[in-house]
Amino acid sequence: MQTSFTPEQLRDPDIAESNRILRTCVHCGMCTATCPTFLLLGDELDSPRGRIYLIKDMLESGRPATEEVVRHVDRCLSCLSCMTTCPSGVNYMHLVDHARTYIEDTYARPWPDRAMRRLLAFLLPSVWRFRVALIGASLARPLARLIPGRSATAERLRAMLRLAPAHVPGPSAMERPGVFRAQGPRKGRVALLVGCAQQVLAPSINEATIRLFTRMGYDVVVRREQGCCGALTHHMGMRAAAMRAARANILAWHDEITREGLDAILINASGCGTTVKDYGHMFRQEPEAAAAAAVSALALDVTEALWRFGYRPTREPPGLTVAYHSACSLQHGQKVTAEPVALLRRAGFAVATPKDAHLCCGSAGTYNILQPVIAGRLRARKLAALEALKPDLIAAGNIGCLTQLSGGAVPTVHTIELLDWMAGGPQPAAGGAARGA
Amino acid sequence: MIRQPEPKPEVLSRRDEIVAALRALVPPHPLSGESVIADPLRLKPYETDGLSAYRQPPLAVVLPSTTDEVASVLRFCHANGVRVVPRGAGTSLSGGALPMADSVVIGLMRMNRILEVDFDNRLAVVEAGVTNIGITRAVEERGFFYAPDPSSQLACMIGGNVMMNSGGAHCLKYGVTANNLLGLTFVTIEGEVLRLGGAHLDAAGYDWLGLVTGSEGQLGVVTEVTVRILRGPEGARAMLAAFGSVEAAGRAVDAIIGSGIIPVALEFMDRPCIHACEAFAHAGYPLDAEAMLIIEVEGSVAEQDELLARIRDICAPLNPTSMKIAESAEQSAAIWKGRKGAFGAIGRISPDYLCMDGTIPTSELPGVLTRIGEMSRRYGLAVANVFHAGDGNLHPLIMFDANDPDSLRRAEAFGAEILKLCVEVGGCLTGEHGVGVEKRDLMGVQFTARELDQQRAIKSAFDPGWLLNPSKVFPLAQAAG
Ligand SMILES: Cc1cc2nc3c(=O)[nH]c(=O)nc-3n(C[C@H](O)[C@H](O)[C@H](O)COP(=O)(O)OP(=O)(O)OC[C@H]3O[C@@H](n4cnc5c(N)ncnc54)[C@H](O)[C@@H]3O)c2cc1C
Ligand code: SF4
Ligand code: SF4
């Protein structure tokens with residue numbers, strides 16, 4: 001596609017990159033069809049091709065972002081379904097990341113919007129702040145119905161309370177920094193991103209991961225310095241905060257790589273995985289470029305690692321049907337599609353996949369809070385497709401999706417908890433619920 | 001830049017009033033909060049379609065959700081002399097959905113409901129904004145499918161397919177859109193809602209359906225479509241036959257068709273295309289070949305085996321560098337994913353392309369390919385060839401750089417020369433992508449002045465004021481005749 005950047009503009013490496021991406025797009029329109037927002041809203045402006053065009057125009061003009069453009073970029077889930085579909089290989093992810101930073105830098109959001117974003121950026125990436133907030137929210141859950149009004153802010157507040165769990169689990173002893181030693185002969189050494197929000201919402205996921213990998217003969221390292229991967233702020237365009245979070249992880253893991261060596265950096269929240277795998281790109285202009293690239297090269301989703309390390313179940317097949325929901329960050333962001341299903345089958349589950357599996361469930365980081373109406377529609381659609389499979393359980397590899405899809409008729413569980421269970425771990429709470437049902 | 005008719009000053013000056021009227025006619029969408037777009041910034045993404053070299057933002061875009069809303073918009077535009085450009089998915093490769101500065105674009109993408117599926121009578125009634133693949137998705141659980149399969153089938157909409165009379169790889173056996181169409185709900189520029197064909201077959205006997213199909217948005221707006229659905233074949237298998245030269249592959253096509261075998265699909269790709277598509281689809285295409293054919297046969301396993309063996313024997317004397325038969329449904333799917341992504345995949349090797357769409361008798365294939373190769377050298381522009389070889393429908397993709405105006409000019413001249421060559425060897429200007437703006441000025445090469453006058457008379461009968469998608473199809477100078 002034609003672009004019209006000036007030579008001065010192209011001297012900015014970010015613009016030069018976006019120009020390269022835009023020039024790969026041939027405006028064929030294939031991507032529109034698999035975009036969840038185009039499907040729901042039926043306007044090219046809410047499709048990938050339309051957004052690419054709006055972003056192109058915004059960057060070319062060099063003028064501050066306007067409300068009209070922001071509206072359509074904000075509605076983008078960053079689900080990256082468009083990247084799976086695009087035959088041209090357009091890197092929409094890097095383009096929209098650039099656009100979001102540009103918007104954050106040049107556009108003054110109305111204050112309720114600004115305040116909400118700052119609040120999320122303040123709470124979510126911090127384990128203790130988020131825990132305190134969540135306990136507050138869980139107590140306030142019954143109040144959701146009482147929030148008056150139909151304003152965007154009211155919708156968002158209600159969405160936030162609705163997403164809060166009824167019970168907030170206590171901190172887990174297993175996630176403290178340190179090295180969890182391999183059981184039996186040591187086969188290797190891996191680092192684990194214990195993350196931020198997930199730790200608070202579902203500590204059982206990290207616990208299952210550590211149990212399973214140590215049982216398989218791997219030392220699991222949890223570094224003190226690591227924390228939020230940076231994705232939450234990155235997707236809100238808050239570049240500095242995202243880079244700060246990412247830098248801490250890069251330095252910690254790089255230190256580990258150079259000292260004792262690592263076979264993999266495990267990520268069990270695929271939303272984070274997409275970002276960690278992109279560190280190399282995010283830091284390409286920074287002094288930490290080489291370290292970041294090394295970290296990205298080692299980053300693996302837990303299911304990728306289990307597949308490579310030769311996962312074997314030890315228990316008898318449980319006779320349960322699992323509806324597997326492929327998180328967008330796994331299927332579109334990282335193109336990890338076969339491993340989770342193959343592993344669940346190897347573990348003895350009957351696995352079914354829903355119609356329109358390529359469509360997002362609406363979770364998308366903070367999207368279900370910032371765009372609750374669209375997110376609610378996508379959730380309903382996804383739950384209907386999953387429940388049509390008449391499963392005992394819904395499994396997914398991303399905490400965001402699990403939270404979004406919980407509260408339906410079928411219990412939700414992280415893939416790793418099922419795999420750990422079948423390899424000798426405890427039965428996940430959801431497994432029990434399914435059996436009782 | 002393509003020439004457009006002069007915008008009407010009386011329309012441009014009433015812009016705000018027209019927008020307000022449209023807003024009153026079409027209520028805001030419950031989720032997006034709007035149905036009329038009129039700010040200059042957000043009109044830009046609607047300025048072009050699949051042929052992005054040509055661009056012009058419209059006066060406004062309106063996104064109706066019902067036939068009644070479409071009718072009321074048309075009635076208003078008719079009463080006020082406002083030009084209208086219907087738009088489906090905007091994948092036209094001939095600039096069919098290119099707006100004019102004083103036009104209102106009517107986007108049909110919100111009309112995406114499946115209205116009725118009748119398996120007993122093998123038909124489906126869908127709204128115009130349902131995608132081509134969406135029809136198959138709605139009926140495949142019972143083993144049915146909708147046959148015409150343009151490569152853009154994931155995105156393009158059935159209303160657009162009807163208006164372009166689109167074809168696809170499998171049309172060799174199943175025919176194009178026209179052969180699979182039963183009825184239409186069709187709104188005239190006066191806002192009258194007509195039902196053509198279908199359950200209300202016109203008693204007077206004129207084939208209105210045939211007249212409207214392929215009319216490129218010039219006669220009215222389609223809101224609902226009744227199509228024939230077919231039961232899927234017992235089985236199908238694709239085969240890749242690779243050759244050391246483009247000409248050898250061309251001769252193989254001619255030999256297969258000449259033998260009387262009709263495969264369900266017979267597709268051709270040359271080296272640049274093979275490489276670009278393989279990078280996208282990882283289908284195991286032969287990267288050392290100069291050209292490759294995808295040949296698909298259908299039927300029982302025994303029938304497939306027999307046909308594939310005969311095709312092998314026909315290809316053998318032409319020294320294929322390899323012949324490979326898909327071993328699984330996944331392999332077949334990957335082979336088709338590459339082929340159907342072919343145009344987009346060119347984006348990997350060139351920033352822009354012009355996609356040509358002439359047809360020729362298959363016997364002329366080897367010679368025409370040689371001539372295209374010569375032109376490519378003369379114009380200094382690379383070309384990738386991918387096309388429906390079985391019915392002689394060529395799609396040379398001329399690669400150029402839109403950031404270099406001279407490159408676009410050369411690409412246009414190159415394209416025109418290819419199309420003239422098609423007519424010269426006994427073929428025609430367009431196989432399936434329509435005339436649009438792209439080929440309108442070449443219509444004189446194909447048709448006599450009298451023939452064009454007759455076509456214009458039909459347009460005038462439906463749309464006396466030439467408000468519907470003007471500046472397309474007919475050479476501009478004489479358009480409003
Ligand atoms: C990658 C790619 C591959 C393609 N492959 C093929 C192929 O294999 N075979 C093929 O035939 N074509 C192919 N095409 C061309 C294109 O997809 C078809 O012409 C398609 O039918 C256009 O449908 P659309 O919904 O995008 O219509 P648009 O592009 O939006 O419009 C096409 C024309 O129809 C009119 N129109 C659209 N909807 C309506 C309506 N409801 N009522 C009245 N007029 C309407 C428009 O005004 C315009 O003139 C391809 C295009 C691309 C980008
Ligand atoms: S599919 Fe790719 S090349 Fe085509 S319009 Fe979308 S982003 Fe552009
Ligand atoms: S990332 Fe998802 S929501 Fe955003 S444009 Fe792509 S497909 Fe649409």
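Chain identifiers are assigned alphabetically (A, B, ...) following the order of the sequence lines, protein sequences preceding nucleic acid strands; residue numbering begins at 1 within each chain. When reading the values below, keep in mind they use all heavy atoms of this one structure, side chains included, and skip hydrogens, waters and symmetry mates. All values derive from a computational prediction rather than experimental measurement.
- Only the side chain of Met157(B) has a heavy atom closer than 4.5 Å to any heavy atom of chain A.
- Note: Ile158(B) CD1 to Met111(B) CE = 13.5 Å, rounded to the nearest 0.5 Å.
- Side-chain contact between Met109(B) and Phe38(A) is present, with at least one heavy-atom pair separated by less than 4.5 Å.
- Note: Pro45(B) leads Pro45(B), Ala342(B), Cys355(B), Gly90(B) in heavy-atom pairs under 4.5 Å with chain A.
- Looking at residues two or more places apart in sequence or on another chain, you find a side chain to side chain contact (heavy atoms under 4.5 Å, CB included) between Ala60(B) and Val19(B), Leu22(B).
- Taken from CD1 in Ile21(A) to CE in Met1(A), the straight-line distance is 11.5 Å, to the nearest 0.5 Å.
- Two residues are said to be in side-chain contact when any heavy atoms from C-beta on lie closer than 4.5 Å; Ile114(B) and Val130(B) meet this criterion.
- At a threshold of 4.5 Å between non-hydrogen side-chain atoms, the residues Val73(A) and Ile103(A) count as touching.
- Looking at Leu98(B) and Val85(B), their side chains never come closer than 4.5 Å, going by heavy atoms from C-beta outward.
- Only the backbone of Leu39(A) has a heavy atom closer than 4.5 Å to any heavy atom of chain B.
- At a 4.5 Å heavy-atom cutoff, the contact between Leu154(B) and chain A is made by backbone and side-chain atoms alike.
- Looking at Ala89(B), only its backbone comes within 4.5 Å of chain A, counting heavy atoms on both sides.
- Lys390(A) has its side chain out of reach of Thr321(A): every pair of non-hydrogen atoms, C-beta onward, lies at least 4.5 Å apart.
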Once you leave out hydrogens and angles, what donor-acceptor pairs under 3.5 Å do chain A and chain B share?
from: Met1(A); atom 1: N; to: Pro351(B); atom 2: O; distance (Å): 3.0
from: Met1(A); atom 1: N; to: Asp352(B); atom 2: OD1; distance (Å): 3.1
from: Gln2(A); atom 1: OE1; to: Arg55(B); atom 2: NH1; distance (Å): 3.2
from: Gln2(A); atom 1: OE1; to: Arg55(B); atom 2: NH2; distance (Å): 2.7
from: Gln2(A); atom 1: NE2; to: Ala402(B); atom 2: O; distance (Å): 3.4
from: Thr3(A); atom 1: N; to: Asn403(B); atom 2: OD1; distance (Å): 2.9
from: Thr3(A); atom 1: OG1; to: Asn403(B); atom 2: ND2; distance (Å): 3.2
from: Arg23(A); atom 1: NH1; to: Asp401(B); atom 2: OD1; distance (Å): 2.8
from: Arg23(A); atom 1: NH2; to: Asp352(B); atom 2: OD2; distance (Å): 2.9
from: Arg23(A); atom 1: NH2; to: Asp401(B); atom 2: OD1; distance (Å): 2.8
from: His27(A); atom 1: ND1; to: Asp49(B); atom 2: O; distance (Å): 2.7
from: Leu41(A); atom 1: O; to: Arg110(B); atom 2: NE; distance (Å): 2.8
from: Leu41(A); atom 1: O; to: Arg110(B); atom 2: NH2; distance (Å): 3.0
from: Gly42(A); atom 1: O; to: Arg110(B); atom 2: NE; distance (Å): 3.4
from: Asp43(A); atom 1: OD1; to: Tyr46(B); atom 2: OH; distance (Å): 2.6
from: Glu44(A); atom 1: N; to: Tyr46(B); atom 2: OH; distance (Å): 2.8
from: Glu44(A); atom 1: OE1; to: Arg87(B); atom 2: NH2; distance (Å): 3.0
from: Arg49(A); atom 1: NH1; to: Gly90(B); atom 2: O; distance (Å): 3.0
from: Arg49(A); atom 1: NH2; to: Ala89(B); atom 2: O; distance (Å): 3.0
from: Arg49(A); atom 1: NH2; to: Gly90(B); atom 2: O; distance (Å): 3.1
from: Tyr53(A); atom 1: OH; to: Glu47(B); atom 2: OE2; distance (Å): 2.5
from: Arg71(A); atom 1: NH1; to: Glu34(B); atom 2: OE2; distance (Å): 3.0
from: His72(A); atom 1: NE2; to: Arg42(B); atom 2: NH1; distance (Å): 2.9
from: Arg75(A); atom 1: NH2; to: Ser32(B); atom 2: O; distance (Å): 3.1
from: Pro87(A); atom 1: O; to: Arg348(B); atom 2: NE; distance (Å): 2.8
from: Pro87(A); atom 1: O; to: Arg348(B); atom 2: NH2; distance (Å): 3.3
from: Ser88(A); atom 1: OG; to: Gly344(B); atom 2: O; distance (Å): 2.4

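- Contact check for Val221(B) versus Val73(B): no side-chain heavy atoms found under the 4.5 Å cut-off.
- With chain B as the partner, the residue from Pro87(A), Cys28(A), Gly29(A), Cys25(A) showing the most heavy-atom pairs under 4.5 Å is Pro87(A).
- Heavy atoms closer than 4.5 Å to chain A are found in the side chain of Ile37(B), but not in its backbone.
- Cys31(A) does not touch chain B: none of its heavy atoms, backbone or side chain, sits under 4.5 Å away.
- Taking the side chain as every heavy atom from C-beta outward, Ile346(B) and Cys273(B) approach each other to under 4.5 Å.
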